[in-house]
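Presented below is the structure to which this report refers.
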Amino acid sequence: MNAAETLGNLAGMLIEGKVEVVDLSGPLGPDTPLLQLPEDFAKNTPKIEIHKISEYDSDGPFFAWNWLKLGEHSGTHFDAPHHWITGKDYADGYTDSIPPQNFVAPVNVIDCSAEVAENPDFLLDAARVKQWEAEHGEIKAGEWVVMRSDWDSRAGDEAAFLNADETGPHSPGPTVDCIQYILSKGVVGWGNQCIGTDAGQAGGMEPPYPAHNLLHAANKYGLASLANLDKLPPKGAILIAAPLKIVKGTGSPIRAMALVARG
């Protein structure tokens, strides 16, 4: 079967419902949880604002449209390499320069939801990834790896989603050796269901924030605030994660989706 026939078969299966399109994005609006950094450390992204221009009225009698105040790393979003200092020198490290072929790839879903339910600071390490591979199959070059934690169940409450106390945020993520291992496999990127690609306490790791630090140093990508990973199989789905083509963009909100066989 050639590529044209494969695409034709895929189109037919989409129409027939044998391939389902699963929405992996949370709602994007004024109540979307946003990262909160210490005020003495850095400036924060402003809250999302949606302003009406017109809605079939004197400002536009036949049409409705809005303008937005929106940070690049708001809601379900894509981190480009230029987002982090370790990735600052890549010419193809911006949302408008990344090859679009990289936005569509197979996805490996590592289910850590049971561990996270018991410990919000759960860390996925390389040993656990290798254990998953022994059960489900090898992670291959050019694929995504995402951590299922079911953290998206908290997204309706910003305080619960950030889960911070006097010691900082508490949310799951990868260890340093986890990111090192998946990079050795040649992955295209890593995704998390929390506010960022790293664990809440990742600032204390060495290097700090390994998902950001190591991924972007390798010219790879991150996905944050993913939703509905419980609807995906461990292997076999195709992830579509395309950022807006923002000029010199460091990231972008996305409508992440997955193609999942149901027939």
Side-chain angles (χ1 to χ4, degrees), residues 21-37 42-52 65-84 94-96 98 102-104 107 109 113 116 120 144-164 169-174 188-200 202 209 211-212 215-216 220-232 237 239-258:
V21 180
V22 177
D23 188 359
L24 303 182
S25 296
L28 189 64
D31 297 325
T32 297
L34 299 178
L35 180 67
Q36 299 296 317
L37 299 168
K43 184 183 293 186
N44 278 303
T45 295
K47 294 293 288 185
I48 297 168
E49 297 178 12
I50 302 176
H51 298 273
K52 183 172 71 174
W65 52 359
N66 304 309
W67 69 269
L68 310 178
K69 184 177 181 179
L70 179 66
E72 292 175 319
H73 300 267
S74 300
T76 304
H77 66 272
F78 184 103
D79 287 352
H82 198 77
H83 173 49
W84 207 253
Y94 302 92
T95 53
D96 64 332
I98 295 169
N102 295 350
F103 301 144
V104 182
V107 60
V109 183
S113 57
V116 172
W144 285 96
V145 176
V146 299
M147 178 181 177
R148 176 188 161 191
S149 61
D150 294 347
W151 203 259
D152 57 325
S153 64
R154 299 169 175 247
D157 181 338
E158 184 173 74
F161 197 75
L162 299 179
N163 199 36
H170 297 273
S171 56
V188 72
W190 156 268
N192 199 354
Q193 291 191 274
C194 304
I195 198 73
T197 54
D198 275 295
Y209 306 106
H212 285 82
L215 279 171
H216 301 320
K220 305 299 183 180
Y221 318 121
L223 302 175
S225 295
L226 291 167
N228 298 324
L229 294 184
D230 57 310
K231 297 181 180 179
L232 303 188
L239 175 60
I240 302 168
L244 296 172
K245 199 171 182 178
I246 301 169
V247 176
K248 297 294 184 182
T250 72
S252 166
I254 57 173
R255 187 66 177 267
M257 296 176 285

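Only heavy atoms go into these numbers, but all of them, side chains included; no hydrogens, no water, no symmetry mates.
Among all heavy-atom pairs drawn from P27 and T32, the shortest one is O-OG1, 2.9 Å. When all heavy atoms are compared, the tightest approach of F161 to W151 is O-NE1, 2.9 Å. Here the closest non-hydrogen pair linking N228 and D23 is ND2-O, 2.7 Å. Shown here for N192 and P172, the closest heavy-atom pair between the two residues is ND2-O, 3.2 Å. Across I254 and A242, no two heavy atoms sit closer than the pair CG2-O, 3.3 Å. Smallest separation of non-hydrogen atoms from E158 and P33: OE2-CA, 3.3 Å.
Interatomic distance, T76 OG1 to L223 CG, rounded to the nearest 0.5 Å: 9.0 Å. Considering CG of L34 and CG of L162, their distance stands at 8.5 Å, rounded to 0.5 Å. Taken to the nearest 0.5 Å, the CG atom of L239 stands 6.5 Å off from the CH2 atom of W144. Here the CZ-CG distance, from R255 to L244, works out to 13.0 Å after rounding to the nearest 0.5 Å. Note that CG of L70 and CG of L28 are 5.5 Å apart. Values are rounded to the nearest 0.5 Å. With values rounded to the nearest 0.5 angstrom, L35 atom CG is found 6.0 Å from I195 atom CD1.
The aromatic rings of F78 and F103 lie perpendicular to each other, with more than 60° between the two planes, well past the 30° mark.
With hydrogens and angles ignored, the 3.5 Å screen pairs a side-chain donor or acceptor of T95 with a backbone N or O of I246. A donor-acceptor pair under 3.5 Å is absent between the side-chain atoms of D152 and the main chain of Q193, judged by distance alone. Side-chain atoms of D96 never come within 3.5 Å of backbone atoms of K245 as a donor-acceptor pair (strictly under, hydrogens ignored).
K47 NZ: more than 12 foreign heavy atoms inside a 6.0 Å radius. With a 6.0 Å radius and a threshold of 12 heavy atoms from other residues, nucleotides or ligands, W65 has its CH2 atom at or below the threshold.
Taking the charged nitrogens against the carboxylate oxygens, R148 and D230 have no contact shorter than 4.0 Å, which rules out a salt bridge.
Side-chain atoms of L24 and L232, non-hydrogen and from C-beta on, do get closer than 4.5 Å to each other.
Listed by chain and residue number, H73, D79, H212, H216, T250 satisfy the side-chain contact (heavy atoms from CB on, under 4.5 Å) test with H83 (two or more places apart in sequence, or in another chain).
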